[in-house]
Visitor: 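Quick one: this structure, given as structure tokens, is what I'll be asking you about.
Position 1 is the first residue of the sequence; numbering continues from there.
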Amino acid sequence: MNLDYPSAQNFVIHLSNMGFASFDMDKDLVLISPKLIEFVLAKNKKIDYDVISIYSDIQGAENAKVNLLNFDLSINGIDRIVVSDSQQVVIQPTAGQVKMKKNRFFEFAGKIQAGRFDIFGKQFSFDYEQFKVNLDNVDSLQIKALSGEKDKEGNPILKPVKTVIQDVNGDLLIDNPLNKSGLQDFPEYPILNSKDNSYVYYNKKEVLGGVYKKSNFYFQVDPFTIDSLDNFDNDQLKFDGTFSSANIFPEFREQLKLQEDFSLGFIRNTPPGGFPMYGDKGKFDNEIRLSHKGLRGDGTLEYITSTTYSKDFIFFPDSMKTLADQYFVEKQKAAIEFPPVKAEKTKIKWIPFKDVMYATTTESGMVFYDEESSFLGTTTLTPNYMSGDGVYKFSRAELSSNEMFFKYETFDSDTADFVLKDNEIAGAFALKTKNLKAHVDYKGRFAEFKSNGKAEPIEFPINQYICFMEEFKWYMDNDVIDLKSSSSTQIAADVKMEGSKFISTHPDQDSLFFYAPLARYDSRRHIIKAKDVLYINAADARIYPDTSVDVTIKKKANLEPMVNSKIITNSVTEYHSVYQANTKILGRKSDASSGFIDYVDENQNVEPIYLS
């Protein structure tokens, strides 16, 4: 080496300090340690070696502390430990601390970076001889996978997998124990062994707001082995196990794979005949999907007599939601009756443990009973009934109610509003009323209505009249309405008027009115025929229609002339009486009449006189 004595002595002291030699200064005797031979051979890559270096950098505390009872060495201030640079395995201990034991065996908690895997846990131990990490308590296993994109240098870009695997127990084989230096290429390392069941949970907020609880919604992963943690393909991410879905479906075996949204999940079909759902409350058939978009399905769902078709069912632990492509209810005539229903683009919410399914219309209505009728609103389907909250649209009429009960061929409502549309003027009504008890019969093709308590006004906008009939019956096919009233009104001490009050709303008729117990309304011709009208007051006269003739009201409150009517004038003194009259009532203060009046001379002879 061509060193003088002092320089050689300093060099030997340096070797001694490094543990490569022992130096007896009194005898100038140097004894070479086997460590130096191993170092030289390793330096020349003749034997294996490791790259492990532990650096302690801490302020205000000791770098290390030794326990003299068992010689455990607690080392502080460690940022990271590179265990294998060739296999990309790095340890980042929690609080920067490891506990070193015999032969470089040490314990720690924290994070292990192993290729594309990040392993987090509270109880790890590094076994130098076996060159592995014992994973005794893994909180979570996070994975990075190929995104399919490349950076500017052409290197593949990695993307974190959204789903983590939890509660793993096993070990991480860093490299071949005889290849700690990484001089040789063992591409299968690092290798992760899970030796017991581990779990994947879907309780994160990003998964439908965290509705899936760890206690009953999880994927139990079988023991598994994954090699090549630093260079695997996405197709290698496969985990067999058992799926538990909070009783949405029965437990079944499946395989987790990387999904399009970069979560772990699966896409599978149900067995032939489908899966029972929510404890046999219904049945689902076709495709089931699991990802961070939640548990979803594409297929058909059967509940009671209903069938829902959708490409995107969303299954929650307590319910199901979807925008159905098609929704059907099969009619049933039994102790519990159900109507025939079909609909498209319908919002469905099923709450199976309450045994109820809600269906809400969107773009178009639900078709009930016939092709001419539809319902807009929300229906409620249970094992005992089907009800609706909304507007039931006939071809020319609408019935609005917060609660309708639908049966095989009929439906009923305790409180409803009803309008009959005009057949000539778009947007106009021929009849309008509210607060009715309704019964609709599709077999008989009629609907019956009764007022709830005090009769609400029934409006005839085209005829410019209102009445207060307690009951009426609408015939669907000819749009004729029969009205009936059993009420009576005391006009005077000795006069009681039977029936409902009919009032003109024409501005020129000064609220002309009369009473009738019965009436028929032809909505297509806009004609009201009031029956059994006792009399009508007009001007200072009282006009009595012929008992065999109806009082006829046409458009714009136009009363047809009353043939063979009787006129008493005035209505107070009743002094004059005109009979066989042809009377045209123009309003409450105006009429035009012609008829006969009897002239009685002084000899009591009666002579009819025609007045016009």
Side-chain angles (χ1 to χ4, degrees), residues 138-141 143 161-170 193-226 237-261 263-304 307-308 310-322 348-355 357:
V138 175
D139 292 334
S140 63
L141 182 66
I143 307 168
V161 175
K162 296 178 181 178
T163 315
V164 299
I165 303 175
Q166 300 186 47
D167 306 326
V168 178
N169 286 280
N193 295 309
S194 172
K195 298 182 179 181
D196 201 351
N197 293 330
S198 51
Y199 295 87
V200 172
Y201 303 106
Y202 295 84
N203 61 329
K204 290 184 177 180
K205 288 291 184 183
E206 66 187 73
V207 185
L208 300 180
V211 297
Y212 302 120
K213 306 306 179 185
K214 292 176 64 174
S215 58
N216 57 12
F217 192 101
Y218 54 84
F219 192 95
Q220 179 179 289
V221 183
D222 296 343
F224 62 87
T225 296
I226 300 180
L237 292 177
K238 298 177 181 179
F239 303 93
D240 294 323
T242 302
F243 179 54
S244 297
S245 61
N247 205 33
I248 298 172
F249 297 109
E251 282 191 355
F252 55 78
R253 296 284 299 172
E254 195 42 68
Q255 187 179 72
L256 289 183
K257 297 179 181 179
L258 189 64
Q259 302 300 303
E260 286 186 1
D261 67 345
S263 67
L264 293 178
F266 57 77
I267 299 175
R268 63 156 295 161
N269 284 333
T270 61
F275 267 140
M277 299 189 68
Y278 299 102
D280 267 342
K281 293 292 185 180
K283 185 176 71 174
F284 178 77
D285 191 16
N286 207 25
E287 184 181 272
I288 301 173
R289 304 185 299 268
L290 177 66
S291 69
H292 272 219
K293 294 179 181 179
L295 184 62
R296 296 178 179 249
D298 176 354
T300 61
L301 188 151
E302 297 177 4
Y303 171 64
I304 312 178
T307 304
T308 305
S310 176
K311 295 181 177 62
D312 190 22
F313 291 95
I314 307 175
F315 302 113
F316 300 88
D318 63 348
S319 61
M320 180 283 301
K321 293 181 181 179
T322 190
I348 305 292
K349 182 177 182 180
W350 180 33
I351 308 176
F353 299 115
K354 292 185 179 180
D355 247 338
M357 177 179 280

Visitor: State the CD-CG distance between Q166 and L141, to the nearest 0.5 angstrom.
Guide: 10.0 Å
Visitor: Going by heavy atoms in the side chains, are L295 and F249 under 4.5 Å from each other?
Guide: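 The answer is yes; the side chains approach within 4.5 Å.
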Visitor: Is L301 close to M357 at the side-chain level, that is, under 4.5 Å between some pair of heavy atoms?
Guide: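 Heavy-atom side-chain distance check passes, below 4.5 Å.
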Visitor: Rounded to the nearest 0.5 Å, what separation is found between the CG atom of N286 and the OG1 atom of T270?
Guide: 6.5 Å
Visitor: Using atom types as modelled and distance alone, determine if a side-chain donor or acceptor of S244 lies under 3.5 Å from a backbone N or O of Y218.
Guide: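 Judged by distance alone, no pair lies under 3.5 Å.
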Visitor: Can the ring centres of F252 and F275 be said to be less than 6.0 Å apart?
Guide: yes
Visitor: Taking the side chain as C-beta and beyond, is there a heavy-atom pair between F217 and I248 under 4.5 Å?
Guide: yes
Visitor: Can you sort out the partners of T300 under side chain to side chain donor-acceptor pair (under 3.5 Å), two or more places apart, ordered by chain and number?
Guide: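 Checked T300 against side chain to side chain donor-acceptor pair (under 3.5 Å); zero matches.
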Visitor: Taking all non-hydrogen atoms of both residues, which atom of R253 and which atom of T242 are closest, and how far apart?
Guide: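 So the two residues come closest at NH1-OG1, 3.1 Å.
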Visitor: At their closest point, which heavy atom of L290 faces which heavy atom of F243, and how far apart are they?
Guide: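 Taking every non-hydrogen atom into account, CD2-CE1, 3.7 Å.
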Visitor: Are any of the side-chain heavy atoms of M277 and F315 separated by less than 4.5 Å?
Guide: yes
Visitor: Tell me whether Q259 contacts the main-chain N or O of S291 through its side chain, where contact means a donor paired with an acceptor under 3.5 Å.
Guide: no
Visitor: Just wondering, do I165 and L264 contact through their side chains at under 4.5 Å, heavy atoms?
Guide: yes
Visitor: Side chains of R296 and L208, heavy atoms from C-beta outward: is any pair under 4.5 Å?
Guide: yes
Visitor: If you take all heavy atoms of P352 and S319, which pair is closest and at what distance?
Guide: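 Distance-wise, the nearest heavy atoms are CD-CA, 3.9 Å.
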Visitor: Of the non-hydrogen atoms in S198 and V168, which two are nearest, and what is the gap between them?
Guide: CB-CG2, 3.8 Å
Visitor: Hey, could you give me the OH/OG1 distance between Y202 and T163, rounded to the nearest 0.5 Å?
Guide: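 Going from the OH atom of Y202 to the OG1 atom of T163 covers 5.0 Å.
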Visitor: Which pairs, with at least one residue in residues 263-288 and sequence neighbours excluded, count as a salt bridge (Lys or Arg N to Asp or Glu O under 4.0 Å)?
Guide: E254-R268, K281-D355, K283-E302, E287-R289
Visitor: On a heavy-atom basis, which atom in Q255 and which in K257 lie closest, and how many Å separate them?
Guide: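 Smallest interatomic distance, heavy atoms only, reads OE1-CE, 2.8 Å.
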Visitor: Does a side-chain heavy-atom distance below 4.5 Å link N197 with V221?
Guide: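 Side chain of N197 against side chain of V221, heavy atoms only: no contact under 4.5 Å found.
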Visitor: What do the steps show when you test F313 against T308 for side-chain contact (heavy atoms from CB on, under 4.5 Å), and what is the final call?
Guide: CA-CA 10 Å; F313 291 95; T308 305; 3.8 Å; yes
Visitor: Pair I226, F239 - check side-chain contact (heavy atoms from CB on, under 4.5 Å), show working.
Guide: CA-CA 10 Å; I226 300 180; F239 303 93; 3.4 Å; yes
Visitor: Start with the C-alpha distance between D167 and V138, add both sets of side-chain angles, then the distance that settles side-chain contact (heavy atoms from CB on, under 4.5 Å), and finish with yes or no.
Guide: CA-CA 5 Å; D167 306 326; V138 175; over 6 Å; no
Visitor: Filter on salt bridge (Lys or Arg N to Asp or Glu O under 4.0 Å), then keep only pairs touching residues 195-219, sequence neighbours left out; what's left?
Guide: D171-K195
Visitor: Would you give the length of the straight line joining atom CD1 of I314 to atom CD1 of I348, rounded to the nearest 0.5 angstrom?
Guide: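 Separation between the atoms: 13.0 Å.
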Visitor: Return the minimal non-hydrogen interatomic distance between D261 and K293, and the atom names on each side.
Guide: OD2-N, 3.6 Å
Visitor: So, taking the atom named CD1 in I351 and the one named NZ in K321, what distance separates them when rounded to the nearest 0.5 Å?
Guide: 8.5 Å
Visitor: I want to check something: taking the side chain as every heavy atom from C-beta on, are F224 and D222 in contact at a cut-off of under 4.5 Å?
Guide: no
Visitor: Y201 and Y212: aromatic ring centres closer than 6.0 Å?
Guide: no
